[in-house]
There are 2 protein chains.
Amino acid sequence: MARIKDVAALAGVNRSTVSRIINGEGKFRADTKRKVEQAMAELNYRPSAIARSLATASSNMVGLLVTYYTGGFFGEMMDQVQSELDCHHKFLITAQGHHSAEGEREAIQRFHDLRCDGYILHSRHLSDDDLRALAKEPIPFVLLDRWVEGLEERCITFDHTLAAKLAVNHLIEQGHRTIACISGPLTRQTSVQRYQGYLEALEDAGIEFDPSLVCEGNYGRESGVAAAQQLLAQRSDITALFSCSEEMMGGALQFFHQQQLQVPKQLSLTSFDSVDLCASFYPTVTAVHFPISDMARTAVAVLHGLLSHQAVETERHFLPKLITRNSVQPLTSY
Amino acid sequence: MARIKDVAALAGVNRSTVSRIINGEGKFRADTKRKVEQAMAELNYRPSAIARSLATASSNMVGLLVTYYTGGFFGEMMDQVQSELDCHHKFLITAQGHHSAEGEREAIQRFHDLRCDGYILHSRHLSDDDLRALAKEPIPFVLLDRWVEGLEERCITFDHTLAAKLAVNHLIEQGHRTIACISGPLTRQTSVQRYQGYLEALEDAGIEFDPSLVCEGNYGRESGVAAAQQLLAQRSDITALFSCSEEMMGGALQFFHQQQLQVPKQLSLTSFDSVDLCASFYPTVTAVHFPISDMARTAVAVLHGLLSHQAVETERHFLPKLITRNSVQPLTSY
DNA sequence: CTGAAAGCGCTAACAC
DNA sequence: GTGTTAGCGCTTTCAG
């Protein structure tokens with residue numbers, strides 16, 4: 001593997017000249033430049049990002065922490081982050097948090113060991129205090145889909161409560177009163193927010209809350225079928241259901257099909273959705289879209305601002321949008 | 001950020017002693033070790049992977065090239081690769097090929113710039129010759145789900161032809177004769193192999209091939225609905241259908257639902273499947289499982305063997321397995 | 001506009 | 001067992 005000194009030797013110049021030409025710093029005699037470029041081509045020279053990192057104290061790497069790789073959600077996120085990073089000629093390092101604070105800590109440790117310039121954290125298990133402590137360290141980071149007091153500038157957030165409200169309101173507007181809810185794990189901040197939205201929508205409409213109408217899932221498909229089964233067993237009078245994740249909705253829908261339940265004729269459905277899975281169900285399911293792509297892109301922009309010490313003017317808070325499909329029917333038409 | 005020399009100074013020893021202790025090389029006085037460890041803890045010291053890479057000429061990074069991040073397939077692959085790599089204390093770098101030879105080349109270039117120790121390539125667009133040329137370079141790599149002559153040792157392969165045959169045979173065994181096929185893009189080696197399996201199954205059973213029974217998709221869900229629509233329009237006598245990807249099967253199934261077509265009563269279905277999407281459909285779809293997880297893990301093992309110059313005894317060729325679900329019915333029962 | 005020389009943080013002979 | 005001394009491949013003052 002050719003090194004800069006080989007190029008310099010072949011071109012008959014000093015290493016620093018080659019370095020400057022590579023980095024486009026200053027002016028050079030056209031002749032010098034030509035010779036150097038020719039030498040680089042001839043030797044098939046590519047500067048070592050590693051050596052460069054050491055010399056510049058900047059690795060050009062960005063760490064992305066996610067909870068898990070499986071499922072479409074993470075891929076979407078990563079896709080956006082990588083594309084944006086490509087524009088800034090930065091490398092992406094990923095690590096999963098393995099569903100524990102310890103795992104997330106280890107992942108960040110790896111980023112640190114690699115001397116990443118900054119991190120994008122989709123952290124679900126580190127506490128607000130952990131994060132605030134991390135913010136005292138010199139490495140900048142942004143938080144994706146998380147709000148931590150005192151770290152507002154680094155938070156890319158989404159209004160989960162409003163989103164859930166939108167989805168549930170849509171059912172209420174269609175005349176539904178007995179609305180079930182499959183929530184996410186209530187140990188997670190965003191799950192609680194979504195659940196909260198469900199509650200608020202009911203309250204706003206003057207519908208009394210009934211705990212037998214809610215079932216806690218774990219965001220996975222299997223938990224969706226289990227929840228649907230349990231809910232229907234508990235309450236045969238349910239006319240509508242709201243799921244806090246698309247996977248759980250998929251599971252629920254599968255169960256309803258098995259039961260020969262007609263959607264939306266006998267049961268109206270709305271859901272959360274981040275990767276448009278709801279568009280692929282039958283029937284297609286009306287859902288609030290969680291704009292993870294936009295948020296991921298914004299995260300990179302904000303981090304880039306932090307890294308280059310420039311203020312970034314982007315909106316950090318995202319609002320939900322309801323996408324109407326074929327899973328909801330007015331109650332009156334029964 | 002503390003450096004090794006700070007630790008050495010605080011512990012009152014030489015840098016190389018600290019280095020040796022970190023890397024567990026040789027013996028040290030218990031006392032020295034204690035002092036050093038204490039100093040490291042006190043300074044919150046973490047060795048710089050970058051400096052270490054430069055000094056050892058080994059980055060401990062492995063590059064993973066994939067075609068695209070979206071969808072569950074890649075996540076599954078990455079999950080396995082990362083876990084295995086974790087065991088060997090290696091870092092994972094990923095890049096997507098963006099569906100072009102140029103994109104794949106760029107991705108590999110990035111790995112090279114970062115001085116990755118080795119690559120795992122899920123390459124779909126580089127030619128066999130490109131790959132053979134790459135094999136002449138000093139950086140070792142393995143090919144995931146690809147067979148290239150002359151590179152057998154580095155190829156982790158799957159018998160796509162046999163897999164498709166299994167899926168189609170299953171339909172034939174149930175008495176079906178008019179079997180449609182939604183193929184993948186026939187520009188891809190593995191797509192062709194799957195299609196080939198369909199043809200061979202027909203031939204073995206003495207069923208004449210009819211081009212109006214096949215439609216080429218692009219592996220995406222949308223192309224599945226389009227293909228299903230087209231096939232049904234062309235041939236109303238189809239009794240069974242085989243899809244070369246789970247996403248396309250999902251699309252097709254959605255279309256069949258819209259058409260009120262009963263599966264498997266009026267139409268039997270089999271599919272390829274890598275992330276068990278077929279288990280989440282309604283009805284669940286009988287499918288041949290593409291063991292991407294096992295293959296990904298094997299890829300790491302083989303690459304690790306290459307990196308440590310040890311022969312690896314693992315089976316590099318994977319065989320399909322049919323997973324029977326609820327989408328197939330004997331033809332006689334019509 | 002280009003060269004000389006020091007240094008980024010670590011490891012690896014080689015001494016002692 | 002531990003210290004000394006060179007690098008690894010690049011950038012970056014500082015001269016000229």
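Labels below follow one simple rule: chain letters A, B, ... track the order of the sequence lines, proteins then strands, and each chain is numbered from 1.
Put simply, A:Asn14 has no side-chain N or O that comes within less than 4.0 Å of OP1 or OP2 on C:dT2. Taking only side-chain nitrogens and oxygens, A:Thr17 comes nearer than 4.0 Å to OP1 or OP2 of C:dG3. Under 4.0 angstrom from either OP1 or OP2 of D:dT2 there lies at least one side-chain N or O belonging to B:Thr32. Phosphate contact (OP1/OP2 of D:dT11, side-chain N/O of A:Arg52, threshold under 4.0 Å): present.
One interatomic measurement links the two molecules: CG of B:Asp113 to C1' of D:dC10, which rounds to 14 Å at whole-angstrom precision. A straight line from CG of A:Leu114 to C1' of C:dC10 spans 15 Å, rounded to a whole angstrom. Computed from coordinates, the B:Arg34 CZ to D:dT2 P distance equals 12 Å when rounded to whole Å.
A donor N or O paired with an acceptor N or O is found under 3.5 Å between the base of D:dG3 and the side-chain atoms of B:Arg20. In the interface, the side chain of B:Ser16 is paired with the base of D:dT4 through a donor and an acceptor atom under 3.5 Å apart. At a cut-off of 3.5 angstrom, counting only N and O atoms as typed in the model, there is no donor on one side facing an acceptor on the other between the side-chain of B:Ser19 and the base of C:dA12.
Side chain to side chain, A:Asp129 and A:Ser127 fail the donor-acceptor criterion of an N or O pair below 3.5 Å.
Listed nucleotides C:dC1, D:dG1, C:dT11 differ in distance to B:Arg29; the shortest reach to its side chain belongs to D:dG1. When the nucleotides C:dT11, C:dC1, D:dT11 are ranked by their closest atom to the side chain of A:Lys27, C:dC1 comes out on top.
In this structure, A:Leu151 and A:Ala135 approach most closely via the heavy-atom pair CD1-CB, 3.9 Å.
Looking at A:Thr67, A:Thr187, A:Asp145 one by one, the single match for side-chain hydrogen bond (donor to acceptor under 3.5 Å, both in side chains) with A:Arg124 turns out to be A:Asp145.
Once rounded to the nearest 0.5 Å, the distance linking CD1 of A:Ile93 with CG of A:Leu64 reads 10.5 Å.
Between A:Tyr45 and B:Gly12, the one whose closest nucleotide on DNA chain D sits nearer the 5' end is B:Gly12.
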